[in-house]
Amino acid sequence: MRRLAIGIDIGGTNTKFGFADRQGNVFYNNRIQTTGHKDFEAYFKELTGELNKTIDEHEKDTEIVGIGVGAPNANLFTGTISNAANLPWKQTIPIADLLEKEFNAKCIITNDANAAAIGEMVYGGAVGMNDFIVITLGTGLGSGIVANGKIINGHDGYAAELGHVTVKYAGRQCGCGRKGCLETYVSATGIRRTVYKLLADSTEPSTLRGISFNELSTETISEAALEGDPVALESFDYTARILGQSLANTCAHTSPEAIFVFGGLAKAGDLIMEPTKIYMEENLYPFYKGNVKLIPSKLPDENAPILGASSLIWNYRNN
Ligand SMILES: [Zn+2]
C-alpha cells in the first residue's frame, strides 16, 4: 500500500495538484485554471472532481495520508484563505474544512512561501538544517523562515512577510497599500518597474526600448542582459543590491545557515544570484560574514509547488 499526500498549490492563474510520497516522488500531477469559474463552488467542484478521478483509479493500492495546500493568504491556524489579492474569490474560504469533508483526511494549509520553505526542509536542500530562509521570487516576493528547526508562523499565522518590509522611505507604491516595500523592487514585477525607470532616466540605446510594460518579462530582460544590454544589466544590479542589503538585515533576526531562492526571477541564475551574494556579503554584520550560504532552491522545478504543499502533511504529522 502506497502512502501518499495530496499537494495542492493554488496560484493566481493555475492550480497545480499531485500525489507525493514521503520521499518526494510525485506519482500523478495535473492542473486546472484558478480563474474562469462562476464562483468558488464551481472551482472546488472541478478540483475535487479531478482528484477523485485519480483516487478512484488507484484506490486498491493507495492510502491518502492527508492533503496539503499552499495558497496566497492561506492561514495555518484558521484553515482559511481570505482577501487574497491575486485570487478570484474575495470572501473568506474555509478550504481546509471543505477538503477534509470531501476526502475524509487531514488537511493542512499555509501560504505558498511557507509551503516552499517546508518543502525545502522535507525534500530539498534544507534537509537536516535547523535555521534557513526561503525567498520566493514571483509576481511578488514571499518568504518562509525556519528557526530552531521550526517554521515561524507568528501569533496569528502571518509571520515572515519579508516582501513587505520597507526598503525605501516613501518609495514605490505597493499592492498592500504601503510604499517602498521590498517586493516593489525585488520580484518579477519589481525588476520590470526598474527597467522602465532606468529607460526613462537615460538616453542609452537598449533593446528593451519599445517593449510594452505588459510584454516585458524577466526572460526578455535576462536575454538582453546576456547580450550586454546596459539597461538590462543595470536593472539586475539594482535589484540585486536591494535584495542583498535586505537579506543582510534579515540575517540579524535568526542567523540562518542558508538562504534559498526560489521562483521565476531566480531562474535568471547568476545574473541575480552572483551580485546578490556580493551585496549581501558587503552588508552583513561581521559575525555573519562568510557564514550564510545563498543558494537556489533544490526542489525539482516542475513539481516544486506540489511538493511544497504535500510536505505540510509529512512535516506537521508523525508519518
Ligand atoms: Zn507591501
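One-based numbering along the sequence shown. All ligand and atom numbering here is 1-based and tracks the order in the structure.
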**Asked** What number of protein N, O or S atoms occur at distances under 2.8 Å from the Zn ion (ligand 1)?
**Response** 4

**Asked** Any idea which heavy atoms bring N153 and Y316 closest together, and the distance?
**Response** ND2-OH, 3.5 Å

**Request:** Please report the closest heavy-atom contact between I221 and S235, naming both atoms and the distance.
**Result:**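 Residues I221 and S235, closest heavy atoms: CG2-OG, 3.5 Å.
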
**Item:** Basic-acidic side-chain contact under 4.0 Å: E257, K293
**Value:** yes

Modelled atom types, side-chain donor and acceptor of [X] and [Y], under 3.5 Å:
X    : Y    : result
Y158 : N111 : no
Y185 : S246 : no
D229 : S206 : yes

